[in-house]
Amino acid sequence: MRTLTTLLLVFFIAIASFGQIKYEKGYFINNDHQRIECLIKNMDWKYNPVDFTYKLKESGTPVKGNLITVREFGITNSCRFVNATVRIDPSNLPAEGAKNELDPVWSRKTLFLRVLMEGKANLYG
């Protein structure tokens, strides 16, 4: 029984250590066009974020960056997000639930768009 308990404890500790979200090296650009190097909490965003958490130093206190104060942020060698106001049809979003309307119902929203590709034409997700 004791070995089973020890085995389960080691198993749960191993799973917890892989599932932790950590701060990674990155940057953000404020509204004054200043690039600030920092550590960003990588949330592996599934949807477009409206804010993010960063630290200026490893031992610093966490601070929230948001759409009002930040033009762009990115995690080195991982992802980049730009602040943009776009027209979207919220009826297709999972949180809004499916609606049986043929025509889109446009609304304006400001959020961080993930940069998927850059070139002559940029692709955002």
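Gly74 approaches Ile40 most closely through the heavy-atom pair O-CD1, 3.3 Å. For the residue pair Asn31 and Arg71, the shortest heavy atom distance occurs at OD1-CG, 3.3 Å. Between Tyr124 and Val82, the shortest heavy-atom contact is CE2-CG2, 3.7 Å. Here the closest heavy-atom approach between residue Gly26 and residue Glu37 is recorded as O-OE1, 3.3 Å. The two residues Pro49 and Leu111 make their nearest non-hydrogen contact at O-CB, 4.0 Å.
Note: Met43 CE to Ile75 CD1 = 10.5 Å, rounded to the nearest 0.5 Å. The CG atom of Asp51 lies 8.5 Å from the CZ atom of Phe73; values are rounded to the nearest 0.5 Å. One finds the NZ atom of Lys25 at 10.0 Å from the CG atom of Asn77 (value rounded to the nearest 0.5 Å). Distance check: Cys79 SG to Phe112 CZ gives 11.5 Å after rounding to the nearest 0.5 Å.
For Phe81 and Trp45, the distance between ring centers is under 6.0 angstrom.
Side-chain contact between Ile36 and Leu56 is present, with heavy atoms from C-beta onward closer than 4.5 Å. Under the 4.5 Å side-chain criterion, counting only non-hydrogen atoms from C-beta, Glu24 is not in contact with Thr76.
At distances below 3.5 Å, not a single donor-acceptor pair connects side-chain atoms of Asp32 with backbone N or O atoms of Gln34. Although no hydrogens or angles enter the test, the distance criterion places no donor-acceptor pair under 3.5 Å between the side chain of Thr53 and the main chain of Pro62.
In the hydrophobic cluster analysis, where Ile, Leu, Val, Met, Phe, Trp and Tyr join through side-chain heavy atoms closer than 4.5 angstrom, Tyr54 is grouped apart from Tyr23. Linking Ile, Leu, Val, Met, Phe, Trp and Tyr residues whenever their side-chain heavy atoms come within less than 4.5 Å leaves Leu123 and Leu113 in two separate clusters.
Taking Asn48 as the reference, nothing meets the side-chain hydrogen bond (donor to acceptor under 3.5 Å, both in side chains) condition, with sequence neighbours excluded.
The closest side-chain donor-acceptor pair between Glu72 and Tyr27 falls under 3.5 angstrom.
For the pairing with Val50, the side-chain contact (heavy atoms from CB on, under 4.5 Å) check across Leu67, Asn66, Asn83 returns one residue only, Leu67.
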